[in-house]
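Residue numbers start at 1 and run along the sequence shown.
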Amino acid sequence: MQGCARGFDGGSCYVAQSGNCHIIGGIGCGGQMHGLVILDENDSVIRPAILWNDGRTSHETDYLNNTIGREKISGYTANIAFPGFTAPKILWLKNNEPENYAKIRKIMLPKDYLAYKLSGVHCTDFSDASGMLLLDVKNRKWSREMCEICGITEAQLPKLFESYEKVGNLKPELAAKLGLNESVVIAAGAGDNAAAAIGTGTVGNSCCNVSLGTSGTIFISSDEFRLDENNALHSFAHADGHYHLMGCMLSAASCNKWWLEDILHTKDYSGEQAAIKKLGENHVFFLPYLMGERSPWNDPFARGTFTGITMDTTRADLTQAVLEGVAFAVRDMYEFAKKTGVEVTSTKICGGGAKSELWRKMICNILNLRVEVPVSEEGPGMGAAMLAMVACGEYSSVEAAAKSIVKVAKSESPDPKLVAKYESCYQKFRVIYPALKNVFGKIGG
């Protein structure tokens with residue numbers, strides 16, 4: 001084998017190699033977290049998957065957090081219930097589709113179903129399992145108490161692996177169909193955010209990655225288990241065998257897409273941003289809660305708003321407010337992370353939104369962190385391929401793979417004057433959601 005592995009994330013793939021590559025030696029998967037994929041006794045999918053951004057489980061989330069109790073749930077899993085997590089979806093299925101609930105023989109996550117189809121092994125990894133609200137994250141094992149609450153057994157859950165471990169080999173019939181060798185290794189892979197962190201080299205203590213994709217995340221790796229006592233952030237296992245804190249906002253780059261394409265009816269992203277001249281001086285603020293919000297508010301009824309519009313407001317002001325609103329929301333999550341004692345000095349950045357130099361500059365100065373752009377833009381796909389390379393034995397560890405493969409293309413350091421301007425803006429932004437929270441509860445439906 002010449003150090004070649006293929007990584008998949010959703011519909012995209014990435015091939016990583018450390019030499020002259022002639023054959024595929026391993027396949028790793030990364031994919032959207034939390035989605036409920038259920039199989040029957042014949043391993044057939046019972047119903048369409050319920051995805052990460054589905055907010056139908058508000059009743060079940062309330063039951064877990066307020067009837068069972070946040071303290072108990074957090075004690076079992078290191079996290080409280082969020083509407084997007086998998087366990088509330090299982091309870092929703094039990095309450096609303098009992099006939100499908102009764103058919104369940106195996107519960108999986110989206111990327112794990114792909115790994116199962118490739119290898120024939122019902123598997124998941126610790127990073128993705130962390131977001132199911134079924135895993136005792138600190139002790140890296142399924143939670144017996146959460147299984148009992150959801151009315152399921154451990155036998156219905158997939159086998160747990162580290163993200164960089166081999167779960168099996170490519171099934172012979174698939175190898176023949178794809179023109180690959182039967183010796184191809186299938187790695188456990190990782191949830192998309194953990195895979196992105198590997199792909200951007202966010203490995204080691206207090207390393208940070210900000211992702212501006214459809215959703216937005218801040219991901220801070222840690223050698224040791226950390227618990228956010230405010231339950232605003234998730235305490236999850238990392239794909240490198242350690243842990244991380246993660247905040248996830250449901251709408252990030254999707255806010256900009258909505259604003260430009262659906263409202264302004266243009267796809268000229270760079271042209272609209274070119275009109276933005278005065279950073280840190282905007283009088284308009286945007287709450288980016290177009291699908292409710294997860295971190296740090298855990299509020300499915302939160303909604304998007306423009307605040308501060310006057311007769312002087314321009315089209316560019318509103319576009320700027322959308323970009324800044326997402327960056328301010330990332331800052332909200334970062335503030336909770338700092339309360340756990342983490343010390344971060346720089347962050348990698350990835351995702352479609354990271355291609356915007358203007359947006360990167362906003363992130364840099366609103367968070368007051370040096371922002372580094374990796375050479376590879378394929379964060380999750382690259383990370384999945386790197387995990388496959390470790391599973392194949394090409395590298396001794398995830399850390400070694402990251403050190404060898406991940407390179408920084410460019411970086412930007414904060415401007416003290418702009419940091420000060422944005423600090424004043426952020427202090428205004430942070431009072432808007434608390435003031436409107438009760439209003440959202442009345443109009444959210």
Side-chain angles (χ1 to χ4, degrees), residues 1-32 35 37-45 49 105-129 155-192 194-195 198-199 239-241 376 378-398 400-402 404-405:
M1 185 184 70
Q2 295 293 321
C4 184
R6 186 176 296 269
F8 294 90
D9 175 64
S12 64
C13 71
Y14 192 90
V15 175
Q17 63 184 71
S18 63
N20 295 322
C21 180
H22 303 290
I23 61 171
I24 296 296
I27 299 175
C29 300
Q32 54 184 263
V37 178
I38 50 175
L39 309 182
D40 63 17
E41 60 185 5
N42 299 313
D43 283 338
S44 298
V45 175
R105 292 299 178 270
K106 195 64 69 176
I107 295 167
M108 306 193 75
L109 293 159
K111 71 113 172 51
D112 300 325
Y113 181 69
L114 179 56
Y116 159 70
K117 296 296 285 186
L118 292 171
S119 68
V121 179
H122 297 107
C123 59
T124 191
D125 76 292
F126 288 108
S127 77
D128 217 355
Q156 291 174 286
L157 296 171
K159 184 179 179 181
L160 289 162
F161 292 85
E162 293 289 354
S163 301
Y164 51 82
E165 286 185 320
K166 169 185 173 180
V167 302
N169 295 94
L170 187 62
K171 292 192 294 186
E173 62 271 25
L174 277 180
K177 188 174 183 179
L178 297 172
L180 298 176
N181 196 297
E182 294 179 18
S183 64
V184 169
V185 169
I186 308 301
D192 51 4
I198 300 302
D240 65 359
S376 172
E378 299 291 341
M382 179 68 169
M386 290 165 63
L387 291 169
M389 295 185 80
V390 177
C392 290
E394 185 69 16
Y395 291 99
S396 61
S397 67
V398 174
S404 173
I405 296 173

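Annotation: side chain of Ile198 is not in contact with side chain of Tyr164 (no heavy-atom distance under 4.5 Å).
Val390 approaches Ser397 most closely through the heavy-atom pair CG2-O, 3.6 Å. In plain terms, the two heavy atoms of Lys117 and Lys171 that are nearest each other are O-CE, 2.9 Å. The two residues Ala188 and Asp112 make their nearest non-hydrogen contact at O-OD1, 4.4 Å. For Ala195 against Pro380, the heavy-atom pair with the smallest separation is CB-O, 3.6 Å. The two residues Ser119 and Ile186 make their nearest non-hydrogen contact at CB-CG1, 4.0 Å. The minimum heavy-atom distance between Leu118 and Cys29, with the atom names listed, is CD1-SG, 4.4 Å.
Evaluation of the side chain to side chain contact (heavy atoms under 4.5 Å, CB included) rule for Ser44 yields Asp40, Asn42 as partners, not counting sequence neighbours. Ala129 pairs by the side chain to side chain contact (heavy atoms under 4.5 Å, CB included) definition with Thr124, Met132, Leu135, Trp142, Leu160, not counting sequence neighbours. Contacts of Lys166 classified as side-chain hydrogen bond (donor to acceptor under 3.5 Å, both in side chains), with partners at least two apart in sequence or in another chain: Asn169. Residues satisfying the side chain to side chain contact (heavy atoms under 4.5 Å, CB included) test with Ala194, not counting sequence neighbours, are Ser127, Ala190, Phe219, His238, Ala239. In terms of the salt bridge (Lys or Arg N to Asp or Glu O under 4.0 Å) criterion, Glu165 has no residue partners (sequence neighbours excluded).
Taken to the nearest 0.5 Å, the CD1 atom of Ile27 stands 7.0 Å off from the CG atom of Leu178. Interatomic distance, OG of Ser376 versus CE of Met386, reported as 9.5 Å (0.5 Å rounding). The CE atom of Met108 sits 6.0 Å away from the CG atom of Leu39 when rounded to the nearest 0.5 Å.
Within the structure, every pair that satisfies the side-chain hydrogen bond (donor to acceptor under 3.5 Å, both in side chains) test and touches residues 173-183, not counting sequence neighbours, is listed here: Asn181-Ser183. Applying the salt bridge (charged side-chain N to carboxylate O under 4.0 Å, His left out) test to pairs two or more places apart or on separate chains, those with a residue in residues 118-128 are Lys111-Asp125, Lys111-Asp128.
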